[in-house]
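Working notes for the structure below.
This is a predicted model, so every value here is computed, not measured.
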Amino acid sequence: MILFTRYMNSPVGWLKLQSTETALAAVSFDSEKAENSADQPNILENAESQLREYFAGERKNFNLQLAPEGTDFQQKIWELVQNVDFGATASYLDIAKLSGSEKNTRAVGLANGKNPIPIIIPCHRIVGSSGKLTGYAGGLERKRWLLNHELLHTPSTTRLF
């Protein structure tokens, strides 16, 4: 699979966007900008545009063709995570129950940690059963920032965590 790369600066640092010709394959947190691919498919421009709208508080749902690589179980978990609304959270236990077994909590956490498209597949919205912030591949400070950002742009006065 040929991947194209585009870097964008964001409130949570540099984001490296990678795609095929037609679908977003990965978003990763980088410490600095590197070289963009010479070719820039429309999907990368669309992804950056939608992420900018998200960070500006103007977008709550993404509308992008996604192609995350993972096992069938991981794919299932990432689909469930995409159903957690902007400004809301769910626990690992909630997702485990939705996946078919509340005993899968640890597996849900591992799958969530392998999410190759954070922010867009909003794994930051998954918290511990007590509401405590736990694990985030991008670091807990980024998770806290993303959740606070969504809280700021949600009409509800209920705390997310």
Side-chain angles (χ1 to χ4, degrees), residues 1 3 5 8 10-20 22-31 43-44 46-48 50-55 57 59-161:
M1 170 171 49
L3 291 180
T5 302
M8 69 173 280
S10 79
V12 292
W14 284 103
L15 298 177
K16 178 181 179 182
L17 314 178
Q18 292 186 292
S19 75
T20 64
T22 59
L24 189 64
V27 172
S28 55
F29 300 102
D30 268 15
S31 58
I43 185 67
L44 286 176
N46 292 340
E48 180 175 353
Q50 289 187 32
L51 281 162
R52 291 205 183 286
E53 291 168 359
Y54 168 84
F55 287 121
R59 176 174 289 276
K60 297 183 179 183
N61 297 298
F62 292 94
N63 183 20
L64 297 165
Q65 182 68 37
L66 304 179
E69 283 194 28
T71 66
D72 290 344
F73 179 76
Q74 289 169 334
Q75 298 280 347
K76 180 178 183 178
I77 298 306
W78 300 334
E79 276 186 42
L80 294 170
V81 167
Q82 287 181 77
N83 293 325
V84 179
D85 292 334
F86 181 98
T89 58
S91 71
Y92 294 97
L93 179 59
D94 294 334
I95 300 297
K97 287 177 181 176
L98 290 171
S99 77
S101 173
E102 63 185 72
K103 295 179 184 190
N104 279 343
T105 305
R106 184 171 167 81
V108 166
L110 292 171
N112 213 37
K114 296 282 188 190
N115 172 15
I117 310 178
I119 303 171
I120 294 168
I121 298 176
C123 54
H124 60 277
R125 296 179 189 154
I126 311 306
V127 297
S129 294
S130 67
K132 183 178 178 186
L133 297 187
T134 58
Y136 187 61
L140 288 180
E141 282 308 307
R142 282 190 180 109
K143 184 173 188 165
R144 183 174 287 108
W145 190 95
L146 292 165
L147 291 171
N148 281 328
H149 168 72
E150 292 185 7
L151 181 63
L152 181 65
H153 296 286
T154 302
S156 169
T157 57
T158 306
R159 294 276 311 158
L160 292 175
F161 54 96

Mind checking the CD-OG spacing from E48 to S10? Nearest 0.5 Å is all I need.
10.0 Å

List the atom of R142, the atom of Y136, and the distance in Å for their closest heavy-atom pair.
CB-CE2, 4.1 Å

Enumerate the residue pairs fulfilling salt bridge (charged side-chain N to carboxylate O under 4.0 Å, His left out) with a member in residues 116-125, sequence neighbours excluded, ordered by first and then second residue.
R125-E150

What do you reckon, are the aromatic ring centroids of H153 and F86 less than 6.0 Å apart?
no

Of E53, Q82, Q50, which is the lone residue that meets side-chain contact (heavy atoms from CB on, under 4.5 Å) with F62?
Q50

Nearest heavy-atom pair of A137 and G113: which atoms, and what distance?
CB-O, 4.0 Å

For the CG atom of L24 and the CD1 atom of I117, what is their distance to the nearest 0.5 Å?
5.0 Å

Between T134 and V127, what is the shortest heavy-atom contact and its length?
OG1-C, 4.3 Å

Could you give all pairs that pass the salt bridge (charged side-chain N to carboxylate O under 4.0 Å, His left out) test and reach residues 109-122, with sequence neighbours left out?
none

Taking every non-hydrogen atom, the tightest pair across W14 and S31:
CD1-O, 3.8 Å

Could you pull out the closest heavy-atom pair between P116 and A25, with the gap in Å?
CB-O, 3.9 Å

Nearest heavy-atom approach of L15 to F29 is CD2-CD2, 3.5 Å

Drop me the distance from I43's CD1 to T20's OG1, to the nearest 0.5 angstrom.
7.5 Å

Working to the nearest 0.5 Å, report the span between CG of L17 and CG of L64.
9.5 Å

Which residue in the set L146, V81, T89, V84 passes side-chain contact (heavy atoms from CB on, under 4.5 Å) when paired with H124?
L146

Point-to-point distance, once rounded to the nearest 0.5 Å, from CD of Q74 to CD of E69
10.5 Å

Lys/Arg-Asp/Glu bridge criterion (N-O < 4.0 Å) met for E79, K76
no

Atom CG in N104, atom CG in L93: separation rounded to 0.5 Å?
10.5 Å

Quick one, F55 and V12 - any side-chain contact, counting heavy atoms below 4.5 Å?
yes

Is a side-chain donor or acceptor of N112 paired with a backbone partner of I126 at a separation under 3.5 angstrom?
no

